[in-house]
Amino acid sequence: AGGAPAGPGTRAQPPGPFDLGAQSGRWAAFQERHRLSCEEAARLLLDAYEYRGLVKHTGGCHCGAVRFEVWASADLHVFNCNCSICTKKQNRHFIVPASRFKLLKGAENLTTYTFNTHRAQHTFCKTCGVQSFYTPRSNPDGYGIAPHCLDDGTVQTIVTEDINGKEWEKAVKEHKTIRDMSKP
């Protein structure tokens, strides 16, 4: 009794007990075999479906106070920007939609630096000073992730693309895909 299926112009019903029909036994066996609650099993299933072709990377700052997970390809497309701050920080990053990023711990340990238009939110750990992710000006609805802050084992390849951040407006306007990197 999970409610009527959502059609055009209708909203899905709130979660409740679901009739899984012939799959009930299989679902229960899956939960028991993997020692998962119903919510944990549902999250696993949804992650596998919604993030097909992506892997879950984990990472964080140097001291470990800030930890995150991000769903992205195992083959990363990394931007090497030469704007003033990226040059000073050696900030190389790949961009993901906000829906594919989750801060696991350390929100209270983050501080933010902004300048110029104040659209980019350069977040970093108050303890060790490492910026493992930030909100880029080009994609304020997403995150720029530092690949060197990811834990080992999930990245297969990295392709680096130089971007002329010294002429930021022109570079972003001429780039065919950068503004869409944070779209799911």
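These figures come from a predicted structure and were not determined experimentally.
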Non-hydrogen side-chain atoms of [X] and [Y] separated by less than 4.5 Å:
{"X": "Tyr143", "Y": "Pro97", "value": "no"}
{"X": "Glu69", "Y": "Thr58", "value": "yes"}
{"X": "Ile158", "Y": "Phe94", "value": "no"}
{"X": "Thr123", "Y": "Thr135", "value": "no"}

Distance from [X] atom [atom1] to [Y] atom [atom2], nearest 0.5 Å?
{"X": "Glu169", "Y": "Asn164", "atom1": "CD", "atom2": "CG", "result": "11.0 Å"}
{"X": "Glu167", "Y": "Glu174", "atom1": "CD", "atom2": "CD", "result": "8.5 Å"}
{"X": "Cys81", "Y": "Arg137", "atom1": "SG", "atom2": "CZ", "result": "10.0 Å"}
{"X": "His57", "Y": "Asp152", "atom1": "NE2", "atom2": "CG", "result": "12.5 Å"}

Measure from the side-chain N and O atoms of [X] to the backbone N and O of [Y], and report whether any donor-acceptor pair falls under 3.5 Å.
{"X": "Gln121", "Y": "His118", "result": "yes"}
{"X": "Ser24", "Y": "Gly21", "result": "yes"}
{"X": "Asn139", "Y": "Ile178", "result": "yes"}
{"X": "Ser37", "Y": "Glu40", "result": "yes"}
{"X": "Arg92", "Y": "Thr160", "result": "no"}

Next on the checklist: Students often mix this up, so state it plainly: with edges at 30° and 60°, are the rings of His34 and Phe30 parallel, tilted or perpendicular?
Outcome noted: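 Ring orientation, 0 to 90° scale: tilted.
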
Checklist entry - Parallel, tilted or perpendicular: which describes the rings of His93 and Phe79, with under 30° parallel and over 60° perpendicular? => result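 Tilted, since the angle between the ring planes falls between 30° and 60°.
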
Checklist entry - For residues Asp141 and Ser182, is any side-chain donor paired with an opposing acceptor at under 3.5 Å? => result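 Ser182 and Asp141 do have a side-chain donor-acceptor pair below 3.5 Å.
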
Next on the checklist: Please find the pair of heavy atoms, one from Ala65 and one from Cys61, that lie closest to each other, and give the distance.
Outcome noted: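 It is N-SG, 3.5 Å.
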
Checklist entry - How far apart are the closest heavy atoms of Phe68 and Cys149, and which atoms are they? => result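 Looking at all heavy atoms of both residues, the shortest contact is CZ-O, 4.4 Å.
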
Show which side-chain atoms of residues 101-109 pair as donor or acceptor with protein atoms under 3.5 Å away, not counting sequence neighbours.
{"residue": "Lys105", "atom": "NZ", "partner": "Gly64", "partner atom": "O", "Å": "3.2"}
{"residue": "Asn109", "atom": "ND2", "partner": "Thr127", "partner atom": "OG1", "Å": "3.0"}

Checklist entry - Other than Val55, which residues form its hydrophobic cluster under the rule that side-chain heavy atoms must be closer than 4.5 Å? => result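 Result for Val55 is none, singleton.
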
Checklist entry - Are the aromatic rings of Tyr134 and His122 close, with centres under 6.0 Å apart? => result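 When the ring centroids of Tyr134 and His122 are compared, they turn out to be within the sub-6.0 Å range.
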
